[in-house]
There are 2 protein chains.
Amino acid sequence: MELSPTAYVILGMVSREPRSGYEIKALVDDTTRFFWAASYGQIYPELKRLSEAGLVEGVDAPRGERKRTVYAITADGEDELKAWLRQPPQTFEMREEGLLKLFFAGVLPPEQAAETLRAMRAHRLQVAERLRTMEPKAEEKKLEKDDPYPLMVLQGGIEFAEWFAEWCERMETRLLGSTQTKRSS
Amino acid sequence: MELSPTAYVILGMVSREPRSGYEIKALVDDTTRFFWAASYGQIYPELKRLSEAGLVEGVDAPRGERKRTVYAITADGEDELKAWLRQPPQTFEMREEGLLKLFFAGVLPPEQAAETLRAMRAHRLQVAERLRTMEPKAEEKKLEKDDPYPLMVLQGGIEFAEWFAEWCERMETRLLGSTQTKRSS
DNA sequence: ACAGGCATGTAAATAGTTACATGATTCG
DNA sequence: CGAATCATGTAACTATTTACATGCCTGT
């Protein structure tokens, strides 16, 4: 069974309770988003495919008069999810435009490279702050659902953002320190 | 001028000296690869586009009898590159399958989550080691070309890989520590 | 009444990888 | 001589984003 990478996010997201496509999207956006995103354009077609493959099952679950379909994982779906979870991870990708700009910064004066570092740092600090606001809710859920992993991953995200910000700061200092000798270019 | 994200890697890569598509690919693979990749399928068509747009210029530069075209950046290309370098970075993406697996690890016994963490850690240590072997060459180049940035970015990559490995270790300890009470599941 | 959120979806465009084809040259 | 590397490219596929269309429901 060859599933697309996004298929597993969906399987995981419906593994504990049935959810609608809309809910999956919202959940992805405020949990896995920073290391694994998914858009409507992927989620809805994928739900259809998973449903045809018998890994999830759609059930009508209207809210009032508004129609709504939630998808529940099937026994096969759970097997598939667990089999995947037991495989060692294969995908490790990063696209960090700031590092790319820093890499090429030699064609500009050092002050411009420092500016890139400051922008990177500011961005990471913002991310860290946003993630921190989510921490209390994740902490609650941990106790409620007896599942420590989402909180662990969130805290990893916070630590990473802060580590990165700190690195940017260090590099900026190093950069400006080493140009101080030749006064103003 | 709306350029594709990959266009800038290419502009950057030819900004100091003319290079062939093949060389660009090789260079990307051993420098920016871990935060910005590019494949032949992108590089060759993009070189053609950049050439048509007048941002680079292809020049015949055969090696012996084997034909070969190197691309040099033009004045317009350099303006475009510098303008882009001065914009604050916009793209920050990460796809880390290990974190996704960890996020969903609640459906498996803790030992399996620990296994994922071990695999993640091993992978990062491997990456760190590989990057470290590249450090001396980058150090040489820094002095030779008077360009500290590629080395800085490389060292950032090493530090990140090591930080991540250490985080995995810490999480594994936390995980196994908290399950020690209920002996063997 | 209207804004915003809930809900489902699709079309089009863009991005990116993989695999292949082709052929020369170099090194052991 | 054969393998590896240099070199250029394309076709097919997979992935992913963006923008749009549609319409209901809830709170102000």
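Letters A, B, ... are given to chains in the order of the sequence lines, protein chains preceding strands, and every chain is numbered from 1. Note that the structure is predicted; figures quoted are calculated from it, not measured.
Set against D:dC6, C:dG9, D:dC25, the side chain of A:R66 has D:dC25 as its closest nucleotide.
Taking atom NZ on B:K25 and atom P on D:dG9, their separation rounds to 16 Å, with Å as the unit. Note: NZ (A:K67) to P (D:dT22) measures 15 Å, nearest angstrom. At whole-Å resolution of the value, CD1 in A:I24 and C1' in C:dT8 are 12 Å apart. The interatomic distance linking A:Q90 (CD) with D:dA15 (C1') rounds to 18 Å, in whole Å. A:L27 has its CG atom 15 Å from the C1' atom of C:dC6, to the nearest Å. Here C:dC6 presents its C1' atom at 15 Å from CG of A:D30, a figure rounded to the nearest Å. Following rounding to the nearest Å, A:E65 (CD) and D:dT22 (P) show an atom-to-atom distance of 22 Å. Distance CZ (B:R19) to C1' (D:dT8): 18 Å, rounded to an integer number of Å.
Of the side-chain N and O atoms in B:R68, none sit less than 4.0 angstrom from OP1 or OP2 of D:dC6. The phosphate of C:dC6 (OP1 or OP2) has a side-chain N or O of A:Y22 nearer than 4.0 angstrom. Taking 4.0 angstrom as the limit, B:T6 places a side-chain polar atom (N or O) nearer than this to OP1 or OP2 of C:dG16. At the phosphate of C:dT10, OP1 or OP2 sits under 4.0 Å from a side-chain N or O atom of A:K48. In this model, the phosphate group of D:dC6 is not approached by any side-chain N or O of B:S20 to a distance below 4.0 Å at OP1 or OP2. In this model, the phosphate group of D:dC25 is not approached by any side-chain N or O of A:R63 to a distance below 4.0 Å at OP1 or OP2.
Side-chain N/O atoms of B:T6 and B:E46 include no donor and acceptor closer than 3.5 Å.
You'll find the side chain of A:M13 reaches within 4.5 Å of the side chain of A:V28, heavy atoms only.
In this structure, A:R124 contributes its side chain and A:A161 its backbone to no donor-acceptor pair below 3.5 Å. The closest donor-acceptor contact from the side chain of B:R95 to the backbone of A:A37 lies under 3.5 Å. Side chain of A:T69 to backbone of A:G58: no donor-acceptor contact under 3.5 angstrom is found.
A tilted orientation is assigned to the rings of B:F160 and B:F164, their planes being inclined by 30° to 60°.
Of the residues listed (A:W84, A:Y8, A:W36), the one engaging B:E97 in a side chain to side chain donor-acceptor pair (under 3.5 Å) is A:W84, and it is the only one.
Sorted by residue number, the members of residues 34-44 of chain A with any non-hydrogen atom under 4.0 Å from DNA chain D read A:S39, A:G41, A:Q42.
Here B:G21 lies in heavy-atom contact (under 4.0 Å) with sugar-phosphate atoms only.
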